[in-house]
Amino acid sequence: MTAENRVYKPKAISGFPEWLPEYRVVELAWLDRIRRVFESYGFCNIETPAVEEVDALLAAKGGDTQNEIYVLERLYADPVDEGKEARLALHFDLTVPMARYVAQNFNALVFPFKRYQLQKSYRGERPQKGRYREFYQCDIDIVNVDALPLQCDADLAAALLSAYKALDIPPVVMQLNNRKIVTGFLKGLGIEDATLATRTLDKLDKIGAKGVTDILSAAGIASDKITACLGLAAIRAHDSAFVVQVRALGVSHPELDEGLDELAFVIDQLAPQFGTQVLVNLGIIRGLDYYTGTVMEVRFADTKTFADLSIGGGGRYENLASAFINQKLPGVGASLGLTRLFGLLLDKNMITPGRKCPTDILVVLPEEARRTEAAATANTLRARGFNVELYHRDAKIKNQLAYAEKKNIPFVWFPPFKDDQPHEVKDLTSGQQSPADPATWERNS
RNA sequence: GCGGCCGUAGCUCAGUGGUAGAGCGCUUGGUUGUGGUCCAAGAUGCCGUGGGUUCAAUCCCCAUCGGUCGCCCCA
């Protein structure tokens, strides 16, 4: 082995998934179906650049996402240019770019603005199960000026859940809550540090009631208040029956009342269409601080098989674009985590692979002297809408057939091997072969 | 940013202090124009990288890089 034929051994870059053609074709089909569902609810598509200005991302930051931002730089940047151009970074979600887009095109858009985006997002974090550094997000949002009717929360949740239902995946459940219920409840109890309390309650499933109690009592919260919080977080319902259960805890606050009314409205809108696929779960909080009302989270119904990973979610935000425009723009948005969803199912061998190539017909090359003729046959078939490959070299028929077999090409076309011989087509599934005319042949003839 | 485990052929993995193997895959052949099976032959490895211990390291020790799982946070 000499230095010159030494290869750079390729390796997978952790967190940047890529699939084989037979799986990519499935992913593409899913993207198509999701798109169809979103459009069926009247959402229009936009695409924003992979990058935003760093300052724009930071201005609208939500949570701790800023330390996950990938910054763009030139490998050999000219020091003279330094500082002349705004620093760019890859977007970590699609909500911030959308907010910037809405602010920028404010006069040209019609409100309420309903849009979807199917694009990749980038996060510089340590990858692990179900977590990627480059991943598809299928985002839908509704944004309006000044006020956004609660009906939009229900519509958006319906559009999101319908997208999952359009895919060949195990059953999912959408869990719903309203931030105002949680914050109002905490205020009613007189708990000051709402952030700590909500964040801790959000981990209830993971660390258990004891874990939550330990953390909250260490923060100086009285045990009867902790018990009340745990009682709230334990409430589940498929309809507005949860309101009575919350009232029974004996806490009252105007914000709590507001949240209860809102969530009751949303669940009553969704229950007739989705039944038990929507679930009020007052233990769902979600991390992002900018949510102010409805929050939703989608998971597989079978939490044992798929861990308890969220495969999508979103919520209501009162003023998303305040960093970009002096207008009040409330919205509701959600994201379907396609890459996570796909990756989880792939791990479990639950994705049925598609074909390895789109080719419908392989045209056999009988011998070099008949190449022009065979190429003409291929073109005739292409013109009629078939996906056609002409075998790429003069080879034994056996090899040409084996190629078709390996690539899952369903039909092999035999042009004449001798003058005055008819064309023949072979169905590789059945093995049957019969004379055919390239100008008139149909698949199921 | 922190912790656990792991790095041997394209893939999945065995293995030994004296420089390596299997299965799958790949290439070719089993004659004249026909695949999947079967049979035969063949190619492919700085045993992640750097240092240390040793007569000798793929194996032991250290470091480093990479992978993976978890914490944090999130789709």
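Letters go in sequence order (proteins before strands), and every chain restarts at 1. Hydrogens, waters and symmetry mates play no part in the numbers below; they use all other heavy atoms, side chains included. Fair warning: this is a prediction, and the values are worked out from it, not measured in the lab.
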B:A43 and B:U27: how far apart are their P atoms, nearest whole angstrom? 16 Å
Among B:G33, B:C73, B:G30, which is the nearest nucleotide to the side chain of A:Glu125? B:C73
A:Arg131 side-chain proximity, nearest of B:A75, B:U27, B:C69: B:A75
Closest to the side chain of A:Gln433, out of B:C73, B:U34, B:A75, is B:U34
Of the candidate nucleotides B:U68, B:A75, B:C73, which contains the atom at the shortest distance from the side chain of A:Arg126? B:U68
Output field dot_bracket for RNA chain B (Watson-Crick or G-U, both distances under 3.5 Å, | for other-strand pairs) contains (((((((..((((....[..)))).(((((.......))))).....(((((..]....))))))))))))....
Using only modelled atom types and a 3.5 angstrom limit, is any donor from either the side chain of A:Gln400 or the base of B:U34 paired with an acceptor on the other? no
Picking from B:C26, B:A75, B:C69, the nucleotide nearest the side-chain atoms of A:Arg340 would be B:A75
Base, sugar-phosphate, or nothing: which does A:Glu367 touch, judged by heavy atoms less than 4.0 Å apart? nothing
Are the ring of A:Phe417 and the six-membered base ring of B:G33 within the stacking cut-offs of under 5.5 Å and under 30°? yes
Which nucleotide sits closest to the side chain of A:Glu424: B:U27, B:G33, B:G70? B:G33
Which of B:C73, B:G67, B:C26 is nearest the side chain of A:Arg199? It is B:C73
How does each nucleotide of nucleotides 35-40 of chain B score, in 5' to 3' order, for protein heavy atoms under 4.0 Å: base (B), sugar-phosphate only (S), or none (-)? BB----
Nearest to the side chain of A:Gln128 - B:G29, B:C72, B:A75? B:C72
Quick check on B:C71: is either OP1 or OP2 less than 4.0 Å from any side-chain nitrogen or oxygen of A:Lys203? no
